[in-house]
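Here is the structure we will look at.
What you see is a predicted model, and the numbers here were worked out from it, not measured in a lab. Position 1 is the first residue of the sequence, and the numbers go up from there.
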Amino acid sequence: MQIQLLRQRLEDLEADAAAVVVWERTSPEAPIEPATAARINTLTRNWLDELFRSGEFRGKTLEAALLHRPPELKVSRLLVVGGGKRENFGSSELRKVAGAALRTLKSKGARSVAFLLLDPELADPENVAAAVEGILLGDYEPDRYKTDKSERKQVEQVHFVVSEARPAAQEALERGRVIAEAQNYARDLVSEPANRLTPTVLAERARQVASEYGLECEVLDASRMKQLGMGLLLGVAQGSSEPPALIVLDYRPESPTPGGAHLGLLGKGVTFDTGGISIKPSEGMEKMKYDMAGGAAVIGAMRAIAQLKPPVRVTGFVPAVENMPGGRAQRPGDIVTSLSGKTVEVLNTDAEGRLILADAITYAKRLGCTHLLDAATLTGAIVVALGHVNAGAFTNDEQLLNRVLAAARREGEKIWPMPLDEDYKDMLKSPFADIPNVGNRWGGAITAAMFLKEFVETTPWVHLDIAGTAWLEESKPHLAKGPTGMPLRTFVRVVLDWNSG
Ligand code: BES
Ligand code: ZN
Ligand code: ZN
C-alpha cells in the first residue's frame, strides 16, 4: 500500500473516498468539530448537521456514516468517523479512527482513500505516525492460507491530506510505517499454525530479520543448552520431536550513550502448548498456536528497532519450544536444574512458559542486560483478572514500570499494574526442590510472575502477561480478529524514549 502526505485543498481532492473524523457534539447547537468537519458540513449543505439531528450519528468513537457523491467535492464518497469526546481525543483514538476508516472503505471497494488531517491539531507528528499505524494495522487480515483470492479487496493508495507539509510529519509517516509493518510481521508469525511454525522455523525467521535489517543473530540449539545447563528449557522441550531454539537478536547502536543501559526484551516462544503430560482439554486447544505471541512481539520489535536506530543497546531473547506430551516428555514431579543453579519441581507441565523464560532471563543477565522486559501469554488467570482488555504488568522496579506504563499509554496499548509483594512467595514452596513451578488455585498470574522474579533477582524488570490481549476473539471496527501484535509498540516506545525518561 502506498501512503503519502498530500498538500491539497478539500475541493480539489480526487479519490474513491475521503475520510474525516468528527467529534461528539455536546448539543444540537454546538459547532461541528474539528474545523474540517464543519467545512464539509457547509460544502455538503448541512449533511452532517442533519445526520447529527437525526440521532443516527452522534460522533461516538468509531461510529461511521457514508455519503455518496458529496456535493462540491470531487471524491466519490465521504466517510465520517466518530472520534468520541473532543477532550478524550488523542493519537490513540486517531489510530483507531484511521483503522476503522480504512476497513470500512476497503470493504466497500475503495482503492484510493484520502484521510483528512487538514486541522493542524490532527497533523502533529505523533498523530501522523498513529494514523499511518492505524491504516496499516487495520488493513491486516490473517488470511494467508485462503486460496480463493477472488473476493479480496485492496486499498492501493492512502493520502494523508494536510494543510502544511512539514519534514517532521514526513519522518513520522516513515516511523509509523516501520512500526506498523513490524507489528504486522509479528501478527503473521502468530497466525502461522504450529505445523508450519516450529521452533526451528521461528529461529529461521529471526535469522532472516537479522540479515535483512542488520542485527546480530545467534541461535542456541539443544546441545549448546545442555552444555550451559539450561535444564528448564530442555525439560519442556523434551516431550516434542521438534528441537528447541533459544533465539538471540542483538542491536548495537553506532554511537551508544557511554555507560548507558543494555535492555533485554524477552518473549515466550511456545509454538504450541498442548499442556504436555498435564494435557489441556481439547476444546479451544487450537488457539495455543498463539503461545509464542510474546516471542513474535520481541522479534517484531527488534526489526523496528534495527530500522529506527535508537542510541540504546537492545538484545531480544526468544526461548522457542513446543510443549508436547511425547514419550520422553517431562512428568509432574520431575525435578530439573535451571541455568541459575536453582532446582525446580515441575508440578504441572502446562506451566511451561515460566520455565523456559526463567532460563532465558538468567542467560540475558549473563550477557549483561541491565534492564529486562518480558512479554508472555503466561496464564489463564490474567484473563480471569483483567479480561481481554488490559495486559497485566508485574515489576520489581517502579521506575521501570512507569516507563512502560507511559509508553503503553502513548501507544494505545492497555496495560494494568498488578501486585507482586513478597507475601505471595509463600505460595511457592516445594518440599523437594528450591521452588515448584506452580502455586495453588489462587492468584495464578501473580504466582507465575513471582516464579520469574526468583530468577530475575534484583535486575530491574517488568513482566507483561499478555494471555488476554495477544489475540482478539472478535474483529473490531479497526482491527481484524486474531493476533494483535501487542505489546510491540510499547517495547519500541520504551526503547525510543529511553534517554528522555
Ligand atoms: N499458555 C498458557 C496460558 C494461556 C491460557 C494463554 C489461555 C492464553 C490463553 C500457559 O502455558 C498455561 O497453560 N498456564 C496454566 C498455568 C497453570 C497450570 C498453573 C494456566 O493458566 O492454566
Ligand atoms: Zn501451558
Ligand atoms: Zn503456555
Side-chain angles (χ1 to χ4, degrees), residues 186 189-190 199 202 232-233 236-237 244-247 264-273 275-276 280 287-302 316-323 338 344 348-364 369 372-386 388 390-396 401 404 408 413-418 420 437-439 443-456 461-471 483-488 490-491 494:
L189 291 177
V190 179
L202 188 62
L232 306 197
L233 187 38
V236 176
L246 175 56
I247 302 162
L265 302 181
L266 300 105
K268 173 175 173 182
V270 176
T271 59
F272 197 78
D273 184 10
K280 288 180 181 295
K287 286 223 348 241
M288 280 301 121
K289 68 174 185 178
Y290 91 86
D291 214 18
M292 37 60 74
V298 166
I299 295 171
M302 293 306 296
F317 300 86
V318 181
V321 291
E322 191 183 52
N323 189 22
S338 67
V344 177
N348 190 316
T349 65
D350 197 10
E352 83 296 343
R354 62 198 78 180
L355 296 172
I356 66 172
L357 281 168
D359 276 345
I361 284 166
T362 306
Y363 191 64
C369 288
L372 302 174
L373 303 180
D374 81 73
T377 46
L378 206 60
T379 66
I382 200 67
V383 193
V384 174
L386 298 176
H388 295 288
N390 277 283
F394 301 82
T395 193
N396 61 1
L401 175 65
V404 171
E413 292 185 320
K414 291 197 160 202
I415 293 176
W416 200 261
M418 296 283 290
L420 196 60
N437 75 330
V438 294
I446 307 174
T447 44
M450 206 67 210
F451 180 91
L452 295 180
K453 189 177 167 195
E454 288 303 300
F455 295 86
V456 168
W461 155 78
V462 173
H463 155 60
L464 301 177
D465 194 334
I466 59 169
T469 53
W471 189 270
T484 61
M486 93 89 69
L488 180 147
T490 297
F491 278 171
V494 167

Any side-chain heavy-atom pair from [X] and [Y] closer than 4.5 angstrom?
{"X": "Leu420", "Y": "Asn396", "value": "no"}
{"X": "Phe455", "Y": "Val344", "value": "yes"}
{"X": "Glu454", "Y": "Leu452", "value": "no"}
{"X": "Phe394", "Y": "Ile382", "value": "yes"}
{"X": "Thr379", "Y": "Arg354", "value": "yes"}

Margin query: Exactly one of Leu246, Val270, Ile361, Asp359 should register a side chain to side chain contact (heavy atoms under 4.5 Å, CB included) with Pro319. Which one does?
Written below: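 One option only clears the test, and that one is Leu246.
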Side-chain donor or acceptor of [X] paired with backbone N/O of [Y] under 3.5 Å:
{"X": "Asp374", "Y": "Lys268", "answer": "no"}
{"X": "Asn437", "Y": "Asn348", "answer": "yes"}
{"X": "Asn390", "Y": "Ile415", "answer": "yes"}

Check: Considering residues at least two apart in sequence or located in another chain, which fulfil the salt bridge (charged side-chain N to carboxylate O under 4.0 Å, His left out) criterion with Lys453?
Finding: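 Expected list: Glu422.
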Next item on the list: Applying side chain to side chain donor-acceptor pair (under 3.5 Å), name anything that partners Thr469, two or more places apart in sequence or on another chain.
Entry: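 Result, side chain to side chain donor-acceptor pair (under 3.5 Å) vs Thr469: none returned.
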Notebook entry, point to check: Taking the six-membered ring for Trp, are Tyr290 and Trp471 parallel (under 30°), tilted (30 to 60°) or perpendicular (over 60°)?
Noted result: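 Answer is parallel, since the angle falls under 30°.
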Note to self: Angle between ring planes, His463 versus Trp461, binned at 30° and 60°: parallel, tilted or perpendicular?
What the structure shows: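 His463 and Trp461: parallel rings.
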Next item on the list: Count the heavy atoms belonging to other residues, nucleotides or ligands that lie under 6.0 Å from NZ of Lys280, then report whether that count exceeds 12.
Entry: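 Counting other residues, nucleotides and ligands, NZ of Lys280 exceeds 12 neighbours.
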Margin query: Nearest 0.5 Å, please: how far is CG in Leu266 from CG in Leu464?
Written below: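 Going from the CG atom of Leu464 to the CG atom of Leu266 covers 11.0 Å.
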